[in-house]
Engineer: 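Structure in structure tokens, see below.
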Amino acid sequence: MNIEAVDIFQARVARHAALADPARLRIVDLLTLGDFSPTELQAELGMPSNLLSHHLRTLEEAGLATRHRSEADKRRSYLRLAADAFEGLVPGIAHDARRVVFVCTRNSARSQLAAALWRQASTVPSASAGTHPADSIARGAIEAAQRHGLDLPDLAPRALDEVADATDFIVTVCDNAHEELIGLDGIHWSVSDPLREGTAAAFDKAFEDIAHRVNELAPRVVAA
């Protein structure tokens with residue numbers, strides 16, 4: 001981890017630590033609505049002034065709040081939420097990748113859907129593969145894609161060793177594939193196999209699970 005990354009991480013730690021206190025979290029909630037003077041915050045929270053001062057100092061040091069003087073009464077100050085108060089509270093960029101390859105056992109449903117959903121969410125290229133490819137895409141996956149307005153290309157399932165190479169970022173989307181590929185670098189999504197039930201509801205559930213995960217991951221992966 002380089003120095004810049006360490007500094008960013010420590011800033012995240014400080015902000016989370018500051019927000020871990022119920023009183024400081026309440027202050028931040030109030031500041032999302034508008035600016036408050038310390039006196040107004042004290043009245044709102046029913047808190048002794050010395051304790052409030054401690055909390056405000058902690059929020060300012062963590063970069064969550066700023067203070068400025070009143071243009072009317074120069075003895076009075078107002079606290080406001082920092083412009084970038086919530087920046088970095090959630091994880092930032094996690095990976096750079098030349099391509100994202102989604103892997104399941106048969107490459108007939110979950111991995112195909114994931115690759116197609118990824119193409120909607122990211123400019124980083126995607127592909128899919130299976131550890132034991134089927135002969136064709138599952139009809140239920142095609143119909144689920146149609147119900148959700150997703151363009152699912154009619155691509156024949158392919159084997160992982162025919163598709164992926166060492167530069168790919170691998171995402172396994174089924175437990176069988178993940179547990180078969182012990183030691184494979186990448187991440188795992190434990191998505192239920194819709195083929196077990198074979199119902200439209202099962203395919204829709206898998207689709208929605210994958211779509212949610214894709215939308216969460218895509219902003220955190222940048223082109224290598």
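All of these numbers come straight from a predicted model, not from anything done at the bench.
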Engineer: Checking side-chain contact (heavy atoms from CB on, under 4.5 Å) between N176 and each of T131, D193, T105, which is the one that passes?
Structural biologist: T105
Engineer: To the nearest 0.5 Å, what is the distance between CZ on R110 and OG on S192?
Structural biologist: 8.0 Å
Engineer: Does H212 NE2 have over 12 foreign heavy atoms under 6.0 Å away?
Structural biologist: no
Engineer: With distance as the sole test, does R158 use its side chain to make a donor-acceptor pair with the main-chain N or O of V163 at under 3.5 Å?
Structural biologist: no
Engineer: Taking R15 for the side chain and A62 for the main chain, is one N or O donor matched with an acceptor at less than 3.5 Å?
Structural biologist: yes
Engineer: If we ignore hydrogens and angles and just use 3.5 Å, is the side chain of D168 paired with the main-chain N or O of D165 as donor and acceptor?
Structural biologist: yes
Engineer: Side chains of residues 146-155: which donor-acceptor pairs under 3.5 Å do they make with residues two or more places apart or in other chains?
Structural biologist:
unit_1	atom_1	unit_2	atom_2	d
R147	NE	D204	OD1	3.1
R147	NE	D204	OD2	3.4
R147	NH2	A200	O	3.4
R147	NH2	D204	OD1	3.0
H148	ND1	A144	O	2.9

Engineer: Got a sec: does the CZ of R80 have more than 12 other heavy atoms crowding it under 6.0 Å?
Structural biologist: no
Engineer: Would you please name every residue forming a side-chain hydrogen bond (donor to acceptor under 3.5 Å, both in side chains) with R75, sequence neighbours left out?
Structural biologist: D73
Engineer: Please answer: with hydrophobic residues joined when any side-chain heavy atoms are less than 4.5 Å apart, are V101 and I210 in the same cluster?
Structural biologist: no
Engineer: In this structure, would F203 and V214 fall into the same cluster of hydrophobic residues linked by side-chain contacts under 4.5 Å?
Structural biologist: no
Engineer: Using every non-hydrogen atom in the two residues, find where S70 and A72 come nearest and quote the distance to one decimal.
Structural biologist: OG-N, 3.0 Å
Engineer: For V173 and S111, which heavy atoms make the closest approach, and how far apart are they?
Structural biologist: CG2-N, 3.7 Å
Engineer: If I compare all heavy atoms of A121 with all of N215, which pair ends up nearest, and what's the gap?
Structural biologist: CB-OD1, 3.9 Å
Engineer: Checking R76 now: which residues fulfil side-chain hydrogen bond (donor to acceptor under 3.5 Å, both in side chains) with it, not counting sequence neighbours?
Structural biologist: S37, E40, Y78
Engineer: For P38, what residues pass the side-chain contact (heavy atoms from CB on, under 4.5 Å) criterion, not counting sequence neighbours?
Structural biologist: L52, L56, R67, S77, L79
Engineer: Please round to the nearest 0.5 Å and tell me the distance separating atom CZ of F102 and atom CG of L117.
Structural biologist: 8.5 Å
Engineer: More than 12 non-hydrogen atoms from neighbouring residues, nucleotides or ligands closer than 6.0 Å to CD on E71, yes or no?
Structural biologist: no
Engineer: Where the side chain of D175 meets the backbone of S190, is there a donor-acceptor pair that is under 3.5 Å apart?
Structural biologist: no
Engineer: As a quick check of understanding, evaluate side chain to side chain contact (heavy atoms under 4.5 Å, CB included) for H68 and D35, giving each step before the final call.
Structural biologist: CA-CA 10 Å; H68 66 277; D35 301 350; 3.9 Å; yes
Engineer: More than 12 foreign heavy atoms under 6.0 Å from CG of N50: is that the case here?
Structural biologist: yes
Engineer: Please check if V191 and L184 belong to a single hydrophobic cluster, counting links between Ile, Leu, Val, Met, Phe, Trp and Tyr side chain heavy atoms closer than 4.5 Å.
Structural biologist: no
Engineer: If the condition is side-chain hydrogen bond (donor to acceptor under 3.5 Å, both in side chains), which residues does T123 pass it with, not counting sequence neighbours?
Structural biologist: none
Engineer: Checking side chain to side chain contact (heavy atoms under 4.5 Å, CB included) for the pair F169/L217: CA distance, chi angles, key distance, verdict?
Structural biologist: CA-CA 12 Å; F169 178 54; L217 179 63; 4.2 Å; yes
Engineer: Could you check whether any side-chain N or O of W118 sits under 3.5 Å from a backbone N or O of V124, counting only pairs where one atom can act as donor and the other as acceptor?
Structural biologist: yes
Engineer: So that I can tick it off, tell me whether K205 and D209 are bridged by a salt bridge, with the cut-off set at under 4.0 angstrom between side-chain N and carboxylate O.
Structural biologist: no
Engineer: Is a side-chain N or O of E60 found less than 3.5 angstrom from the main chain of A65, in a donor-acceptor match?
Structural biologist: no
Engineer: Please assess L19 against L89 for the test side chain to side chain contact (heavy atoms under 4.5 Å, CB included), listing each intermediate value before the final yes or no.
Structural biologist: CA-CA 10 Å; L19 292 171; L89 286 179; 3.9 Å; yes
Engineer: Output all residues satisfying ring-ring contact (aromatic ring centres under 6.0 Å, His included) with H188, sequence neighbours left out; order by chain, then residue number.
Structural biologist: H178
